[in-house]
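Worksheet: one structure, shown below.
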Amino acid sequence: GISAKRLIDKRVACADSNNILVAGKVRIAFFDKTGTLTHQGLEFQSAQECKDQQLLAEGPPTSGDLGLAMSVCHTLAKSSSGELVGNSVDCMMFAATGADFHLTSGQPLQVEDAHGHKYEVMKRFDFDHARMTQSVIVRDADGNYSVFVKGSAESIEKLCNRQT
């Protein structure tokens with residue numbers, strides 16, 4: 001139509017001219033440039049942990065609660081050649097921690113972090129589409145249990161009790 005021709009004249013390509021009218025009503029646009037347009041795949045840059053409302057040093061998550069959460073809260077498996085198989089974001093997150101895991105039939109998932117600390121994933125709650133979260137219950141070598149939940153900030157906030 002006329003709108004598509006005007007855009008072409010301004011050297012703007014439009015993949016779906018039916019949405020030009022809708023786009024004209026947009027007041028604010030936010031772009032999340034992840035690099036997927038310029039090269040194939042994902043890259044993990046860094047992570048930053050927050051403890052007691054203070055941001056800690058930014059860098060590779062090889063220790064601390066954030067590193068442990070990234071090591072255990074996933075649904076990854078390994079191929080027969082030892083390559084990580086699963087969600088690409090989970091693969092990149094796990095690889096960034098320097099951890100390794102072993103899965104033996106009938107046994108909890110065994111995770112060893114980059115510092116040699118061992119953990120067992122006692123229960124895995126796969127991604128819940130209604131809550132938009134995934135969680136795990138983990139036991140450390142001393143028998144202490146921890147729960148890790150991941151999801152969007154909005155999803156986690158809905159689960160939190162502001163009184164605690």
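What's counted below: heavy atoms across the whole structure, side chains too, no hydrogens, waters or symmetry copies.
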Under 4.5 Å between any side-chain heavy atoms of T97 and D113, yes or no?
no

For D9, all residues meeting salt bridge (Lys or Arg N to Asp or Glu O under 4.0 Å), sequence neighbours excluded
K5

Does the pair N144 and R139 meet the rule for a side-chain contact (heavy atoms from CB on, under 4.5 Å), with working shown?
CA-CA 5 Å; N144 300 310; R139 182 172 63 193; over 6 Å; no

Would a 4.5 Å heavy-atom cut-off, applied to side chains only, mark V149 and Q134 as touching?
no

Quick one: does any side-chain atom of T104 pair with a main-chain N or O of Q107 as donor and acceptor, under 3.5 Å?
no

Are the side chains of E49 and D65 in touch, meaning some heavy atoms are under 4.5 Å apart?
yes

Could you tell me which residues satisfy salt bridge (Lys or Arg N to Asp or Glu O under 4.0 Å) with K158, sequence neighbours excluded, listed by chain and number?
none

Side chain E83, main chain K78, donor-acceptor under 3.5 Å:
no

Contacts of D128 that satisfy salt bridge (Lys or Arg N to Asp or Glu O under 4.0 Å) - sequence neighbours left out:
none

Tightest non-hydrogen contact, residues Q48 and L56, listed as NE2-O, 3.0 Å

Show your working on side-chain contact (heavy atoms from CB on, under 4.5 Å) between Q110 and D100 and close with a plain yes or no.
CA-CA 8 Å; Q110 307 286 317; D100 194 13; over 6 Å; no

Give a yes or no on whether I2 atom CD1 has more than 12 heavy-atom contacts from other residues, nucleotides or ligands under 6.0 Å away.
no

Would you say M132 has more than 12 foreign heavy atoms packed within less than 6.0 Å of its CE?
no

Donor-acceptor pair, distance only, cut-off 3.5 Å: does the side chain of S71 make one with the backbone of G67?
yes

Could you grab the distance from atom CE of M93 to atom CG of L66, nearest 0.5 Å is fine?
9.0 Å

Electrostatic pair D142-K118, nearest N-O below 4.0 angstrom:
no

Salt bridge (Lys or Arg N to Asp or Glu O under 4.0 Å) against R11, all qualifying residues, sequence neighbours excluded
none

How is the hydrophobic cluster of V121 composed, in terms of its other members, when Ile, Leu, Val, Met, Phe, Trp and Tyr link through side-chain heavy atoms under 4.5 Å apart, directly or indirectly?
L68, V72, L76, L84, F94, F101, L103, L109, V111, Y119, V136, V138, F148

Consider only side-chain heavy atoms of I, L, V, M, F, W and Y, link residues closer than 4.5 Å, and tell whether I156 and F125 are in one cluster.
yes

Side chains of E120 and I137, heavy atoms from C-beta outward: is any pair under 4.5 Å?
no

Closest heavy-atom pair and its distance - S3, I20
CB-CG2, 3.6 Å

Using the six-membered ring wherever Trp is involved, compare the ring planes of H129 and F127 and label them parallel, tilted or perpendicular (cut-offs 30° and 60°).
perpendicular

Residues two or more places apart in sequence or in another chain: which of them pass side-chain hydrogen bond (donor to acceptor under 3.5 Å, both in side chains) with S80?
none

Take atom CZ of R124 as the centre, draw a 6.0 Å sphere, and report whether it contains more than 12 heavy atoms from other residues, nucleotides or ligands.
yes

Check: Q163 main-chain N/O paired with N161 side-chain donor or acceptor under 3.5 Å:
yes

